[in-house]
Asks: 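Structure provided below as structure tokens; questions to follow.
We use all heavy atoms of the structure for the numbers below, so side chains are in, but hydrogens, waters and symmetry mates are not. Note that the numbering runs from 1 along the sequence shown for the chain.
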Amino acid sequence: MKADTRALAARGLAEVALRGASLRDVMERNAPRLADPRDRALLMALLSEGARWWLRFDPAIDGLLEKSLRHKDPAVHALLVLGLVQLEILELQDYAAVAATVEAVRALKRPQLAGLVNAVLRRWQRERESLLVKLDARPQTRHAHPAWLAAALQRDWPQQAETVMLADNREPPLMLRVNRQRGERAALIDQLQAAGYAATAHPWLRDALVLPHSGDVTRMPGFEDGLFAVQDGAAQVAADLADLHDGLRVLDACAAPGGKACHLLERADIDLTALEFDAVRAERIRQNLMRLRLNAKVVIGDAGAPKGWWNGQSFDRILIDAPCSATGVLRRRPDVRLHRRESDIAAMHAQQRRILSALWPLLAPGGRLVYITCSVLRAENEAIVGEWLAAQPDAQTLPFTLPVGQAAAVGWQILPGDGDLDGMYYAVLQKPR
């Protein structure tokens with residue numbers, strides 16, 4: 001079964017790395033094919049770490065072969081990458097990792113390549129030190145980041161770039177958010193600890209719980225009853241900055257999958273509209289609302305074109321969780337580094353500015369708008385808000401500080417790993433009365 005798991009992972013990783021498939025979709029499609037929870041856990045680890053370290057070990061495999069298999073036999077090429085991931089990242093026993101990977105070639109119905117796979121992995125073991133020196137010589141292969149992103153981090157955050165890339169490659173803790181409409185955090189921690197989970201309260205986020213490792217949250221006590229949701233602490237900051245109280249009309253724009261919308265509803269008795277452009281993603285908002293026993297109006301529409309969905313009634317609070325490069329969440333979504341291109345940033349910039357300009361008129365006098373991205377690129381964050389503010393006379397920024405991160409030219413930037421959180425940018429804007 002272990003060989004079949006590795007073969008399944010190799011096919012899935014080839015889809016993600018070479019055909020642009022979503023890592024989450026590949027995991028969700030393939031995990032049910034494995035009955036044993038241990039095999040499912042191995043599959044998840046192989047796919048996640050394979051995507052995370054592809055940009056390091058993919059070129060290494062080419063250097064170990066006379067002719068590349070990347071296009072001729074993508075699953076076998078991906079299996080070789082996974083062989084190095086098992087040896088170098090998961091640190092499985094050398095013999096077991098090599099033997100199981102060779103067996104997986106047979107499960108891929110490529111028995112004629114078993115000898116080649118064995119020879120490549122044995123050569124890696126023999127020449128490991130010199131090969132690692134070559135990989136470490138360039139930032140993109142040292143840290144498994146695309147060259148354009150490594151350069152952008154060095155440009156935007158010269159003092160922190162190395163630290164950010166190191167953080168992107170570490171396993172993040174599992175962070176939960178207590179649903180305070182259905183219980184207290186202390187009670188949920190007691191319930192989880194009684195079931196053997198090492199849950200602790202986050203030191204400064206009042207709804208957050210931290211567990212050291214990811215796991216199948218659907219098996220945790222309280223999940224089916226809607227007692228908690230999975231949400232990184234950086235995203236939980238949004239509810240604090242929204243400054244809620246009962247009776248407010250609130251718009252959460254670009255709301256899928258609904259984590260921030262649900263958190264707002266857990267905080268106060270508000271009239272919330274969750275806006276999402278993609279109908280499939282909007283369905284995920286509804287599913288999360290249903291599990292957490294929360295109510296909101298879910299609207300499918302373009303945040304940059306309110307005429308198609310707005311009823312003319314102003315909002316007291318607006319959250320814009322703007323579409324962005326997602327460069328702040330690479331540790332949780334390692335496939336982003338394989339799919340995002342430098343050329344995407346200009347299009348993102350235009351979309352972010354369009355949405356901000358379109359939604360500002362919907363904010364009531366005295367209202368507050370929270371602009372959010374999960375990006376670490378200044379061009380998507382302080383540059384967007386700063387340019388927009390310069391042309392918007394009826395907007396003012398509200399200064400704030402957080403226990404982690406740093407002030408940006410406008411707003412606040414959390415970098416990946418700050419306080420063991422994801423990367424996230426926030427700016428808070430207010431309309432005068």
Asks: Who are the salt bridge (Lys or Arg N to Asp or Glu O under 4.0 Å) partners of R333, not counting sequence neighbours?
Replies: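 For R333, no residue satisfies salt bridge (Lys or Arg N to Asp or Glu O under 4.0 Å) once neighbours in sequence are set aside.
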Asks: Taking the six-membered ring of F223 as reference, does the NZ or CZ atom of R291 fall below 6.0 Å from its centre and within a 45° cone about the axis?
Replies: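 The answer is yes; both the distance and angle limits are met.
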Asks: Taking side chain as C-beta onward, heavy atoms only, is L275 less than 4.5 Å from V299?
Replies: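 Yes; the side chains approach each other to less than 4.5 Å.
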Asks: I'd like to know if the side chain of R185 and the backbone of V178 have a donor-acceptor N/O pair within less than 3.5 Å.
Replies: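 Such a contact is absent between R185 side chain and V178 backbone.
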Asks: Show your reasoning for whether side chain to side chain contact (heavy atoms under 4.5 Å, CB included) applies to Y425 and V410.
Replies: CA-CA 10 Å; Y425 171 81; V410 180; 4.1 Å; yes
Asks: Should the pair D62-R70 be classified as a salt bridge under the 4.0 Å nitrogen-to-oxygen rule?
Replies: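 So D62 pairs with R70 through a salt bridge.
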Asks: Excluding sequence neighbours, so at least two apart, what forms salt bridge (Lys or Arg N to Asp or Glu O under 4.0 Å) with R219?
Replies: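 R219 satisfies salt bridge (Lys or Arg N to Asp or Glu O under 4.0 Å) with D216 once adjacent residues are dropped.
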Asks: Just verifying a value: how many Å separate L415 CG and W157 CH2, rounded to the nearest 0.5 Å?
Replies: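 If I round to the nearest 0.5 Å, the distance is 5.0 Å.
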Asks: Any side-chain heavy atom of H202 sitting closer than 4.5 Å to one from Q236?
Replies: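 A side-chain contact is absent here, since even the closest heavy-atom pair is not under 4.5 Å.
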Asks: Quick one: does D168's side chain get under 4.5 Å of R337's, heavy atoms only?
Replies: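 Side chain of D168 against side chain of R337, heavy atoms only: contact under 4.5 Å found.
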Asks: Filter on side-chain hydrogen bond (donor to acceptor under 3.5 Å, both in side chains), then keep only pairs touching residues 72-88, sequence neighbours left out; what's left?
Replies: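 Those involving residues 72-88 are R6-Q86, D58-H77, D73-R110, Q86-T101, E88-W124, E88-R128.
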Asks: Using salt bridge (charged side-chain N to carboxylate O under 4.0 Å, His left out) as the criterion, point out the one residue from R177, R293, K260 that pairs with E266.
Replies: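 Only one of R177, R293, K260 forms a salt bridge (charged side-chain N to carboxylate O under 4.0 Å, His left out) with E266, namely R177.
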Asks: Name the orientation class of the two ring planes belonging to F315 and W309 (parallel below 30°, tilted from 30 to 60°, perpendicular beyond 60°).
Replies: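 Tilted.
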Asks: Run the numbers on L429 and L389 for side chain to side chain contact (heavy atoms under 4.5 Å, CB included), then give the verdict.
Replies: CA-CA 9 Å; L429 310 174; L389 280 169; 4.0 Å; yes
Asks: Would you kindly say whether R354 and Q351 are connected by a side-chain donor-acceptor distance under 3.5 Å?
Replies: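 Yes.
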Asks: Let me check something: any side-chain donor-acceptor pairs from residues 398-409 under 3.5 Å, sequence neighbours excluded? List them with distances.
Replies:
from	atom 1	to	atom 2	distance (Å)
Q406	OE1	Q160	NE2	3.2

Asks: Is a side-chain donor-acceptor pair under 3.5 Å present for Q352 with T373?
Replies: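 The criterion, which ignores hydrogens and geometry beyond distance, is not satisfied for Q352 and T373.
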Asks: Any chance you could measure Q313, atom CD, to R249, atom CZ, to the nearest 0.5 Å?
Replies: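 Going from CD on Q313 over to CZ on R249, the span is 3.5 Å.
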Asks: Does D243 come within less than 4.0 Å of R317, counting only side-chain N to carboxylate O?
Replies: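 Judged by the 4.0 Å cut-off on N to carboxylate O distance, D243 and R317 do form a salt bridge.
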Asks: So that I can tick it off, tell me whether R142 and E162 are bridged by a salt bridge, with the cut-off set at under 4.0 angstrom between side-chain N and carboxylate O.
Replies: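 A salt bridge is present here (some side-chain N lies under 4.0 Å from a carboxylate O).
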Asks: Quick one: salt bridge (Lys or Arg N to Asp or Glu O under 4.0 Å) partners of R331, sequence neighbours excluded?
Replies: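 So R331 forms a salt bridge (Lys or Arg N to Asp or Glu O under 4.0 Å) with D232, D420, D422.
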Asks: Determine, step by step, whether D252 and V250 satisfy the side chain to side chain contact (heavy atoms under 4.5 Å, CB included) criterion, reporting the C-alpha distance in whole Å, the side-chain angles of both residues, the deciding distance to 0.1 Å, and the verdict.
Replies: CA-CA 7 Å; D252 182 5; V250 180; 5.6 Å; no
Asks: E342 versus P146: any side-chain heavy-atom pair under 4.5 Å?
Replies: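 E342 vs P146: side chains apart.
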Asks: Do the rings of F57 and W53 sit parallel, tilted or perpendicular, given the 30° and 60° boundaries?
Replies: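 Tilted, since the angle between the ring planes falls between 30° and 60°.
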Asks: How about CD on Q396, more than 12 heavy atoms from neighbouring residues, nucleotides or ligands closer than 6.0 Å, or not?
Replies: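 Count over threshold, so yes.
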Asks: Quick one: salt bridge (Lys or Arg N to Asp or Glu O under 4.0 Å) partners of D240, sequence neighbours excluded?
Replies: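 Counting only residues at least two positions away or on another chain, D240 forms a salt bridge (Lys or Arg N to Asp or Glu O under 4.0 Å) with R206, R267.
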